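Order of appearance sets the numbers: ligands from 1, and atoms from 1 within every ligand. By convention here, the first residue in the shown sequence is residue 1. These numbers were taken from a predicted model, which means no experiment stands behind them.
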Amino acid sequence: MSHARATLARPASPTAGPLSVPSALQLVGNTPLVEIRRVRDGVAPGVRIFGKLEGFNPGGSVKDRPALKMVEDGLARGALVPGKTILDSTSGNTGIALAMVGAALGYPVELVMPENVSKERKQVVAAFGAKVVYSDPLEGSDGAIRLCRKILAENPDRYFKPDQYNNPANSLAHFETTGPEIWRQTDGRVTHFVAGIGTSGTIMGTGRFLKSQNPRVQIVAAEPEDAFHGLEGLKHMASSIVPGIYKEGELDLKLGISTEEAYDMVYRLGREEGLLLGQSCGAAHVAALQVARQLREGTVVVLYPDFGDRYLSTKMWLGWTRL
Ligand SMILES: Cc1ncc(COP(=O)(O)O)c(C=O)c1O
């Protein structure tokens, strides 16, 4: 029996790159693209769909990119110096990413997150040695933002707060890495980029880079259809504190996706593509198919922020009846 093709292997093969890197931080980025061949639902043969697998980052999500960039920027500006603690509010993945970056650099990390984030996330953050402060689960990510502001106001000199919602280094990380990677990986053929919006860093920075290469590239955002949703990491903008880095005018299209259709898509991507993905990936893929179905030709790249094993204790999998 032949082995699976190596298309999912990390791009740094022994012949193409170094045999080792100095630290986990050099493993951030350069994630693979995988072609989606089955979960296409009536999309024309001239349209190719590729998923960018951000779960391959060392902290397990797309958030490694902005976490690293914001910390590097803080060090460069002198805002983060030895003795300070990295503090931020996070719905989960950014916390894990900051905890990973802090551990690799030797800086302590303190995170404020809603008490109801998944058990796996809490455990991973603890494993990287970060301290966690819980906010009211009923207040969602906005509750964590408010509590974090309070902690900082009480002790401003003790902390460095990357402030992912308002820090230009967040979207800049994607302008400098995610966008160029997608451009290179598609040989400049990408016609549509689809991603969910949380802080909006991914879609803003990647979108800006792709448009700088080809202004005709369409930037499509997937957002939860309503305020109460089960799509961890995503924000329903109309009912949320709007991130300072979010510029809605730079999007070509925004599609509202229901929690149910996103979950169903995650189940299908697992069974039909062999990709175990996080819930926001399902939402992004639903949006990608809606866009792709309108086309005769094109190259649609959809960003999958993380893998699904981080969510096995959540409602999405507890509601799964086909075990
Ligand atoms: C699972 C997941 N999906 C999507 C996003 C959205 O990414 P961004 O904050 O860049 O908009 C996040 C952000 O935290 C996330 O954790």
Q) What about S280: any of its N or O atoms under 3.5 Å from an N or O on ligand 1? A)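 S280 vs ligand 1: N/O contact under 3.5 Å present.
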Q | Atom indices of ligand 1, in the order listed, that fall short of 4.0 Å to a heavy atom of Y311 | A |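 Taking each heavy atom of Y311 in turn, ligand 1 has 1 (C) under 4.0 Å.
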Q: Any atoms of ligand 1 less than 4.0 Å from a non-hydrogen atom of L234? List them with their elements.
A: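 Those atoms are 4 (C).
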Q | Those atoms of ligand 1 less than 4.0 Å from some heavy atom in N93 | A |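 Reading through ligand 1 atom by atom, the close ones are 1 (C), 2 (C), 15 (C), 16 (O).
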(Q) Can you pull out every side-chain hydrogen bond (donor to acceptor under 3.5 Å, both in side chains) where at least one residue sits in residues 284-298? Sequence neighbours excluded, please. (A)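 Residue pairs passing side-chain hydrogen bond (donor to acceptor under 3.5 Å, both in side chains), neighbours aside: H285-Y304.
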Q. Which of the atoms of ligand 1 are close to I197, meaning less than 4.0 Å from one of its heavy atoms?
A.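 Ligand 1 atoms under the 4.0 Å threshold to I197: 11 (O).
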Q: Identify the two heavy atoms, one from E250 and one from K211, that lie closest to each other, and give their separation to 0.1 Å.
A: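 Residues E250 and K211, closest heavy atoms: O-CE, 4.2 Å.
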Q: Work out whether the distance between some heavy atom of Y246 and some atom of ligand 1 is less than 4.0 Å.
A: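 No, that is not the case, since the closest heavy atom of the residue is not under 4.0 Å from the ligand.
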Q. Considering distance alone, does some N or O of H174 sit under 3.5 Å from an N or O of ligand 1?
A.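 In fact, backbone or side chain, H174 has no N or O that close.
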Q.
Looking at non-hydrogen atoms alone, which of I245, I203, D306, T199 comes nearest to atom 8 (P) of ligand 1?
A.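 Of the listed residues, T199 has the closest heavy atom.
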Q. Under 4.0 Å from ligand 1, counting heavy atoms only, is it the side chain of V62, its backbone, both or neither?
A.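 No part of V62 comes within reach of ligand 1.
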Q: Heavy atoms only: give me the nearest A195-I203 pair and the separation to one decimal.
A: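 It is O-CD1, 3.7 Å.
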**Q.** Lys NZ or Arg CZ of K315 over Y263 ring: under 6.0 Å, within 45°
**A.**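 Verdict for Y263: no cation-pi partner in K315.
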Q) So, for I245 and N166, which heavy atoms are closest and what is the spacing to 0.1 Å? A)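 Scanning both residues, the minimum pair turns out to be CG2-C, 3.7 Å.
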Q) Out of curiosity, does L87 fall in the hydrophobic cluster containing M70 (side-chain heavy atoms, cut-off under 4.5 Å, transitive links)? A)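 In one cluster with M70: L87, no.
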Q: Tell me, with the steps shown, if T299 and R189 meet side-chain hydrogen bond (donor to acceptor under 3.5 Å, both in side chains).
A: CA-CA 6 Å; T299 299; R189 289 197 191 94; over 6 Å; no
Q | Cationic N near anionic O, under 4.0 Å, D142 to K235 | A |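 Yes.
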(Q) When you measure from the heavy atoms of G92 to every atom of ligand 1, does any distance fall below 4.0 Å? (A)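 It does not, in that no heavy atom of G92 comes within the 4.0 Å cut-off of ligand 1.
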Q: Applying salt bridge (charged side-chain N to carboxylate O under 4.0 Å, His left out), run through E232 and R310 and close with a yes or a no.
A: CA-CA 11 Å; E232 199 169 313; R310 200 157 267 188; over 6 Å; no
Q) Applying a 4.0 Å heavy-atom criterion (strictly less than), which segment of Q279 is in contact with ligand 1: side chain, backbone, both, or neither? A)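 Looking at Q279 and ligand 1, no heavy atom falls under 4.0 Å.
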Q: Please state which part of Y165 comes within less than 4.0 Å of ligand 1, counting heavy atoms only: side chain, backbone, both or neither.
A: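 Neither; nothing of Y165 gets under 4.0 Å from ligand 1.
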Q) Can you find an N/O atom of T202 closer than 3.5 Å to an N/O atom of ligand 1? A)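 Among all N and O atoms of T202, at least one is under 3.5 Å from an N or O of ligand 1.
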Q) Would you say K63 has any N or O atom under 3.5 Å from an N or O of ligand 1, going by distance alone? A)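 Yes; the residue has a nitrogen or oxygen that sits under 3.5 Å from a nitrogen or oxygen of the ligand.
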**Q.** Where ligand 1 meets S200 - atom numbers and elements under 4.0 angstrom, heavy-atom basis
**A.**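 Those of ligand 1 that fall under 4.0 Å from S200 are 8 (P), 9 (O), 11 (O).
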Q | Side-chain donor-acceptor pair present, S258, E225, cut-off under 3.5 Å | A |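 The criterion, which ignores hydrogens and geometry beyond distance, is not satisfied for E225 and S258.
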